[in-house]
Asker: 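Right, I'll just put the structure down here and ask away after.
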Amino acid sequence: FNGRIDEVRIWKKAIDFSTAEGLLWRVPHAYGGGLYGRYLVSAWRLNGDATDSVRSNHGSAVGTVTYSGTNAPSFYTRISASLKNDGSGGLDYISIPSTAGLSPAGSYSVEAWVYPTSGGASTQYQTIACKGTAVSASTFIYWLGINKSNGKLRFAPNGNWAGAMESSSIVQLNQWTHVAATFAV
């Protein structure tokens, strides 16, 4: 990914982001428990580090990851991870150790706020969040990112790269956008 990422969340439920439950994406922090929080598997605020604010799936920065604050969107101050994979050989990302809880067994949702910029090490895609390895696309448990050829959000649930889905709208460069993908069984 080339740009900024903030408020990454994984839910153990297919979240309808148009309902009261789904409007939690507006909340500037995530918490477990309560009416909707019980479905929250993990949440990374990226406010200075990659601590999971809900469970103990803490990540660590690989490469040159920095944290910067901006005031967009207007409903709260955003402190986000900045990633700049310029294609010079090194990759910058947040690495989270593999745990069973991060491998959904049923319906799930993945969401984040993104501020993509041009470039990026890959010529085809910008990865936002994934579980698995890029050695072979078939080893992904899930993958969410941006297709650089058309600017659309791309989601490959259950490692099904051939059956990946794409959004109808484009994720704009140099602008904060809430992105979300839901898989229902």
Asker: Taking side chain as C-beta onward, heavy atoms only, is Asn158 less than 4.5 Å from Phe183?
Answerer: yes
Asker: Please report the closest heavy-atom contact between Phe140 and Cys130, naming both atoms and the distance.
Answerer: CE2-SG, 3.7 Å
Asker: Between Ala112 and Val8, which heavy-atom pair has the shortest distance, and what is it?
Answerer: CB-CG2, 3.9 Å
Asker: Can you check whether Trp176 and Tyr115 have ring centres sitting under 6.0 Å from each other?
Answerer: yes
Asker: Mind listing the closest non-hydrogen atom pair of Ala43 and Val54 along with its distance?
Answerer: CB-CG2, 3.7 Å
Asker: Indicate yes or no for a side-chain donor-acceptor contact from Gln126 to the backbone of Asn2 under 3.5 Å, with no hydrogens or angles considered.
Answerer: yes
Asker: Can you list everything that forms a side chain to side chain donor-acceptor pair (under 3.5 Å) with His58? Sequence neighbours excluded, please.
Answerer: none
Asker: Would you say the side-chain atoms of Asp52 pair up with the backbone N or O of Ser42, donor to acceptor, closer than 3.5 Å?
Answerer: no
Asker: Please find the pair of heavy atoms, one from Ile79 and one from Gly48, that lie closest to each other, and give the distance.
Answerer: CG2-N, 4.2 Å
Asker: Measure the spacing between OG1 of Thr66 and CG of Leu83 and express it to the nearest 0.5 Å.
Answerer: 7.5 Å
Asker: Check whether any side-chain heavy atom of Asp6 lies under 4.5 Å from a side-chain heavy atom of Asn47, and answer yes or no.
Answerer: yes
Asker: Are Leu46 and Ser80 packed together at the side-chain level, in the sense that at least one heavy-atom pair is separated by less than 4.5 angstrom?
Answerer: no
Asker: I'd like to check Ile128 versus Phe1 (side-chain heavy atoms, cut-off strictly below 4.5 Å). Are they in contact?
Answerer: yes
Asker: Run the side chain to side chain contact (heavy atoms under 4.5 Å, CB included) check on Lys148 and Tyr125 step by step: do they pass?
Answerer: CA-CA 5 Å; Lys148 290 171 73 172; Tyr125 302 104; 5.6 Å; no
Asker: Taking the side chain as every heavy atom from C-beta outward, state whether Phe17 and Glu111 have any atom pair closer than 4.5 Å.
Answerer: yes
Asker: Are Leu102 and Ile96 side-chain neighbours, meaning at least one heavy-atom pair lies under 4.5 Å?
Answerer: yes
Asker: Assess whether atom OH of Tyr93 is packed by more than 12 heavy atoms of other residues, nucleotides or ligands within 6.0 Å.
Answerer: no
Asker: With a 3.5 Å cut-off and sequence neighbours excluded, list the donor-acceptor pairs that the side chains of residues 167-175 form with protein atoms.
Answerer:
residue	atom	partner	partner atom	Å
Ser167	OG	Leu153	N	3.0
Ser167	OG	Ser169	O	2.7

Asker: Between Asp92 (side chain only) and Thr64 (backbone N and O only), is there a donor and an acceptor less than 3.5 Å apart?
Answerer: yes
Asker: Side chains of Val62 and Ile94: does their closest heavy-atom pair fall under 4.5 Å?
Answerer: no
Asker: Has Trp143 got a side-chain atom pairing as donor or acceptor with Gly132's backbone, closer than 3.5 angstrom?
Answerer: no
Asker: Table please: side-chain donor-acceptor pairs of residues 103-110 below 3.5 Å, with sequence neighbours left out.
Answerer:
residue	atom	partner	partner atom	Å
Ser103	OG	Lys131	NZ	3.3
Ser107	OG	Val185	N	2.9
Ser109	OG	Lys13	O	2.9
Ser109	OG	Ile15	N	2.8
Ser109	OG	Thr182	OG1	3.0

Asker: Mind listing the closest non-hydrogen atom pair of Glu166 and Asn147 along with its distance?
Answerer: OE2-ND2, 2.7 Å
Asker: Please check if the side chain of Arg55 supplies one atom and the backbone of Leu40 the other of a donor-acceptor pair under 3.5 Å.
Answerer: yes
Asker: Step by step, would you call Ser60 with Ser95 a side chain to side chain donor-acceptor pair (under 3.5 Å)?
Answerer: CA-CA 5 Å; Ser60 56; Ser95 176; 5.1 Å; no
Asker: So Trp44 and Ile10, side chain to side chain contact (heavy atoms under 4.5 Å, CB included) or not? Walk me through it.
Answerer: CA-CA 9 Å; Trp44 297 273; Ile10 300 173; 3.9 Å; yes
